[in-house]
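Naming: A, B, ... by sequence-line order, numbering from 1 per chain.
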Protein chains: 2
Amino acid sequence: MYIYILFEIMFTQSEENYLKAIFHLQQEVEGGVSTSGLSEKLKTKAASVTEMLKRLAGKKLVDYQKYYGVQLTDKGMQHALLIVRKHRLWEYFLVECLNFNWDEVHEVAEQLEHIRSPKLVEELDLFLGRPQYDPHGDPIPDTNGKLPKSPNKRLSQLQKGERGICKGFNDTSSSFLQFLAKQEIGLGTNLEVLNIESFDESMTVLIDKKEIPLSKTATDNIYVED
Amino acid sequence: MYIYILFEIMFTQSEENYLKAIFHLQQEVEGGVSTSGLSEKLKTKAASVTEMLKRLAGKKLVDYQKYYGVQLTDKGMQHALLIVRKHRLWEYFLVECLNFNWDEVHEVAEQLEHIRSPKLVEELDLFLGRPQYDPHGDPIPDTNGKLPKSPNKRLSQLQKGERGICKGFNDTSSSFLQFLAKQEIGLGTNLEVLNIESFDESMTVLIDKKEIPLSKTATDNIYVED
DNA sequence: ATAAATTATTAGGTTTACCTAAATTTTTAT
DNA sequence: ATAAAAATTTAGGTAAACCTAATAATTTAT
């Protein structure tokens, strides 16, 4: 007769922060994630990063090649996605339930993402109605780490020159919807960012060969797929 | 013209755990809280406790007399009450919103109580409807650290021989309320615990000179003031 | 009142996660 | 191709929060 003892996989907050940072940097550039990139993102010195990368490699969370950066292993990716899932679910909770603005949730979500409780995560997801996107429009991984297909962004997050297709609206007040109707903006509308004013972040967008000015308030409330 | 720079008061999770433990032990016994008491409660060795008590004393959170234990200062008490407030609000949230049973919330609340965000605490309190008692019937300190006057307990938390006055019910299903009516238990009913069966935690209570048997399920759902 | 038992403190050690400074490797530029 | 610049790693150090073992103070029991 055999007795199996399960060691719960537990990582420190710091290890989780590194995994998440590697995950995000991996999205941006291909190839290994550099020590300096992590050092900058995590606001620690390069020497500290090197030390941690060796530890993560020892735990089989990353593949680490001296001087050539790291990449998440499957195991590392799985855990990184759980942290991202928790982070985005909490952001959704803070905005939807606790009257936070979508630009003041990050710091608190950074703390909440480390709370360990599988039941908590699943029940929170259920309570919130299994949202697909967080308040920034970023996709929320599901229980198995799967991301919804086409992540929506806010129009205000596009850069000058980028194009997008209108996918939804955050403010559903009739005054906002009337405003959209007047500008002939609806679901499926194609648009291109022509210009962004730096002083008030208002935009000029090209829709159907017409130049339309939109305030930051408006562009924050329009979701696009790019 | 003067410029004030505010240093946010920040304590480590460990320091907060010590403050909370001292707070709880202080309620139970008068005089200084002992090193061994804390050592047992926090599951750390006495030597570690001594070390931390010196640190907390240095931060003016406790009054510490070598060999004679500690007591919270006003500053220490204030912060301990904030931790207790957060712990109990989160317990309430877990039970009311996330389908946790009241006996499975503690471990998660132990983690959530360390999340730092004044806005989060106040908004959570508001979202939950400013509850006065947590799911165990323990009082929730308000923003200023004030505890509601007469904390309610569950009937199941009384010891043999203790008396209480019925103050409310958790299960408000008609079947439970009908059961209560049949036993002539209502708000304001005086009762005394005559006996507790150790095998199923059922009780015999004396109400109005009648001996009434109550299951653990029933006594869990009856709130009393003692 | 003093010895025994209990409790608390000190001394010295560990791990995590940072740091600086020095050394080494890789990359870039002439 | 090689020197300078940039990036990375190594070496050695710190503070927090734990530990064990040894010592000291207090309490209890005879």
**OP:** Specify the separation, in whole Å, of atom CD of B:Q13 and atom C1' of C:dT16.
**Re:** 14 Å
Original post:
Could you give the OH-to-C1' distance, from A:Y68 to C:dT24, as a whole number of Å?
Top reply: 13 Å
**OP:** Take the protein atom CD of B:E16 and the nucleotide atom P of D:dA17, then report the distance between them rounded to whole Å.
**Re:** 11 Å
Original post:
Atom CD of A:Q65 and atom C1' of D:dA7: how far apart are they, to the nearest Å?
Top reply: 16 Å
Original post:
Can B:D125 and B:R130 be counted as an ion pair, charged N to O under 4.0 angstrom?
Top reply: yes
Original post:
Mapping A:K43 and A:K66 onto DNA chain C by nearest heavy atom, which one lands closer to the 5' end?
Top reply: A:K43
**OP:** Measure up the B:F127 and B:F93 rings against each other and bin them: parallel (under 30°), tilted (30 to 60°), perpendicular (over 60°).
**Re:** tilted
Original post:
Under 4.0 Å between a side-chain N or O of B:Y18 and OP1 or OP2 of D:dC18?
Top reply: yes
Original post:
Looking at B:Y67, does any N or O in its side chain come under 4.0 Å of the phosphate oxygens OP1/OP2 on C:dT7?
Top reply: no
Original post:
Salt bridge or not for A:K20 and A:E110, using N-O below 4.0 Å?
Top reply: yes
Original post:
Given atom NZ of A:K45 and atom C1' of C:dA21, what is their separation to the nearest angstrom?
Top reply: 12 Å
Subject >> Contact list for DNA chain D against residues 49-58 of chain B - heavy-atom distance below 4.0 Å >> reply: B:E51, B:M52, B:R55
Original post:
Heavy atoms under 4.0 Å, any strand shown: does A:S48 hit a base, just sugar-phosphate, or nothing?
Top reply: base
Original post:
Between A:K119 and B:E104, is the closest basic N to carboxylate O distance under 4.0 Å?
Top reply: yes
Original post:
Does a side chain donor of either B:H24 or B:E28 reach within less than 3.5 Å of an acceptor in the other side chain?
Top reply: no
**OP:** Round to a whole Å and report the spacing from CG of A:L38 to C1' of C:dC18.
**Re:** 15 Å
Original post:
Think B:Y64 has a side-chain N or O under 4.0 angstrom from the OP1 or OP2 of C:dT9?
Top reply: yes
Subject >> Distance test, side-chain N/O of B:S14 to OP1/OP2 of D:dC18, below 4.0 Å >> reply: yes
Original post:
Contact class for B:T35 (heavy atom, under 4.0 Å): base, sugar-phosphate, or nothing?
Top reply: sugar-phosphate
Original post:
When you measure from the side chain of B:A47, which nucleotide among C:dA11, D:dT9, D:dA16 comes out closest?
Top reply: C:dA11
Original post:
When the distance from NZ of A:K41 to P of D:dA7 is rounded to whole Å, what number comes out?
Top reply: 18 Å
**OP:** Using the ring of B:F11 (Phe, Tyr or Trp, six-membered ring only), decide whether B:K59 places NZ or CZ under 6.0 Å from its centre and within 45 degrees of its axis.
**Re:** no
**OP:** Before giving the answer on salt bridge (charged side-chain N to carboxylate O under 4.0 Å, His left out), spell out for B:E113 and B:R85 the whole-Å C-alpha distance, their side-chain angles and the decisive distance to 0.1 Å.
**Re:** CA-CA 8 Å; B:E113 73 193 5; B:R85 170 167 165 77; over 6 Å; no
Original post:
How long is the line joining NE2 of B:H114 and P of D:dA17, in whole Å?
Top reply: 11 Å
**OP:** Indicate whether OP1 or OP2 belonging to D:dA17 is found under 4.0 Å from a side-chain N or O atom of B:T44.
**Re:** no
